[in-house]
Amino acid sequence: MLSREENETLTRVGPGTPAGELLRRYWLPVAVAGELTEKNPAKLVRILGEDLVLFRDLKGRVGLIADRCSHRGASLSYGRVEERGIACPYHGWLYDVEGSCLECPAEPAQSRFHLTVKHKGYPAQKFIGLYWTHMGPKPAPLIPKYDVWARRDGRRKIFIQPQLDCNWFQAMENSVDPAHLQILHQNTAMKGRTPVNTTRGFTDDIEQFEFYESAYGIMKKRTYKSGIVDEHPLIFPNILRQGNGTQIRVPMDDTHTKIFIVRFFPTEGGRIVEEEGDPPVEYVKAYKDPPDAVHPFTHFRMDEVQAQDHMAWETQGPLADRTHERLATSDRGVVMLREIMKREIAKVQQGLDPLGIVRDAAQDKMIDTKLEESLHGPETQHQLRIPSREARAGV
Ligand code: FES
Ligand SMILES: [Fe+2]
C-alpha cells in the first residue's frame, strides 16, 4: 500500500513532477516516421503532459516544438509548413525546427521583436522507423542499442497499440507481475490447454518466480516445474522486453499512454540484412467497443493477450489508487519496481543520471537483453511463425 503522496510521486508525468522529470532523462518515441508525409507534414503529439507538434520542413528537417503558438496560443499543428519551418495558421509567426521564431509578419518591417520570442523545442531523431525525442536537460544521452533495436541479422516490424486510457505505471507494474500470465491469459497464451479450474488457471505449472536487478532494469525469471526457465526484463523505466520484442510505453499524460511495440525477426542462418528503409508498421485494431470510452462505459475483447492486459490495466482506474491495495507475496516484483523508481527519482533530483542512461560513445555497444534466449522460447516461437512468412514478403 502506498500513501497518496507516494502514489503521485511514482505516476504523474507532467513537467516538474518526480516521475515526469525521471522520464525526461530518457529518449522516448513520439510517432511513426511514415506518419509525416508531403500531404500531412505536421502532427500533433501529446507526450508527458505536453502538447507538441512534430513537423518536417520543406528542406527535410524534422522538429518537435510546443504546439501552442507563443503569440496567442493557436495550434501550430494547423500551421503551414515551408522551407524555413512552420508558420502559425493565425498570424503567421514562423518557427524553425528548434522553435526559434524567425518572423512575425504583421510587425513593422525593421522589427527585431521575433528575436525576443522563446518557443519550446525538443530534439527529434529518427531511429528504427520512429521519431524519438529527449525532453530533459542537455546534453542528451545516446539512444541505447538494445538488441531488439540494433541487431542486424533480421528485420523489425512496428506495431502501434490502441491508445491505453490509463496511467503508464499500471502497465509497468504488470511487467514485474509474472503470476498474472497463468491466470489472466489462461485462455489465450496457453496453446489451447485446459486448466484444472479457472481460478488457478495454470498457476501450478510454476515452480518459482525470481527477480534481480540488471544494468538496465529488472530481470523477471519464471522457473516451470517442467524445468523450463523463462527470463525477460523490464527495461527501466518504461519498456517491457518480452518474446521477440520491446513494448515501449510512452505516457501521453497522467491517464493516457501510447504503446509502440518493436519486434525483431531473425533471418535464417543469421544472415545480415542491409538497410532497407523503415520497418513496416501495423496499427492494431481497437480492443474496446466503443474504442474511445473508458471503463465501465466500454466493453473489452478478451480474445487476445494484449486485450486482456489493457482490460486489467484500465479497469484499475485512470490512475490507480494504491492507498487501498492489498499486496501479497506474489507482488514482490511490483514492490521492487517501486523501490527502484524511488531510488532513481532521488538520483535525478541530485542531478545524477538514472539507471540505463548511456552517454559515453565507447560504451555505446549492443546491449544484451537476453533476446537470443527468448527467440528460442516457446512463446516467441509462436510469435515468429507469421513473421517468417512476412520476412519473405519484405517485413
Ligand atoms: S496565435 Fe500564432 S501567430 Fe498569432
Ligand atoms: Fe499480460
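All values derive from a computational prediction rather than experimental measurement. Both ligands and their constituent atoms are indexed starting at 1 by order of listing.
Salt-bridge annotation for K285 and E304: absent, with no side-chain N of the basic residue lying under 4.0 Å from a carboxylate O of the acidic one. By the 4.0 Å N-to-carboxylate-O rule, D147 lies too far from R151 to be salt-bridged with it.
Shown in contact with C88 at under 4.0 Å from a heavy atom are these atoms of ligand 1, numbered in order with element: 1 (S), 2 (Fe), 3 (S). Numbered from 1 in the order shown, with element, the atoms of ligand 1 that lie under 4.0 Å from a heavy atom of R72 read 1 (S). In summary, the atoms of ligand 1 found under 4.0 Å from a heavy atom of W93, numbered by their order in the structure, are 3 (S).
Because the distance cut-off is set at 2.8 Å, H91 qualifies as a neighbour of atom 4 (Fe) of ligand 1 through one of its N, O or S atoms. Among the atoms of H71, no N, O or S atom falls under 2.8 Å of atom 2 (Fe) of ligand 1.
Panel note: side chain S100, backbone D96; no donor-acceptor pair is recorded below 3.5 Å. A donor-acceptor pair under 3.5 Å is absent between the side-chain atoms of E6 and the main chain of R322, judged by distance alone.
More than 12 heavy atoms of other residues, nucleotides or ligands shown are found within 6.0 angstrom of NZ on K225.
Closest approach between the Fe ion (ligand 2) and any N/O/S atom of D309 involves OD1. For the Fe ion (ligand 2), the nearest N, O or S atom contributed by H180 is named NE2.
Of the listed residues (R222, K221, Q242), just one forms a side chain to side chain donor-acceptor pair (under 3.5 Å) with D230, and that residue is R222.
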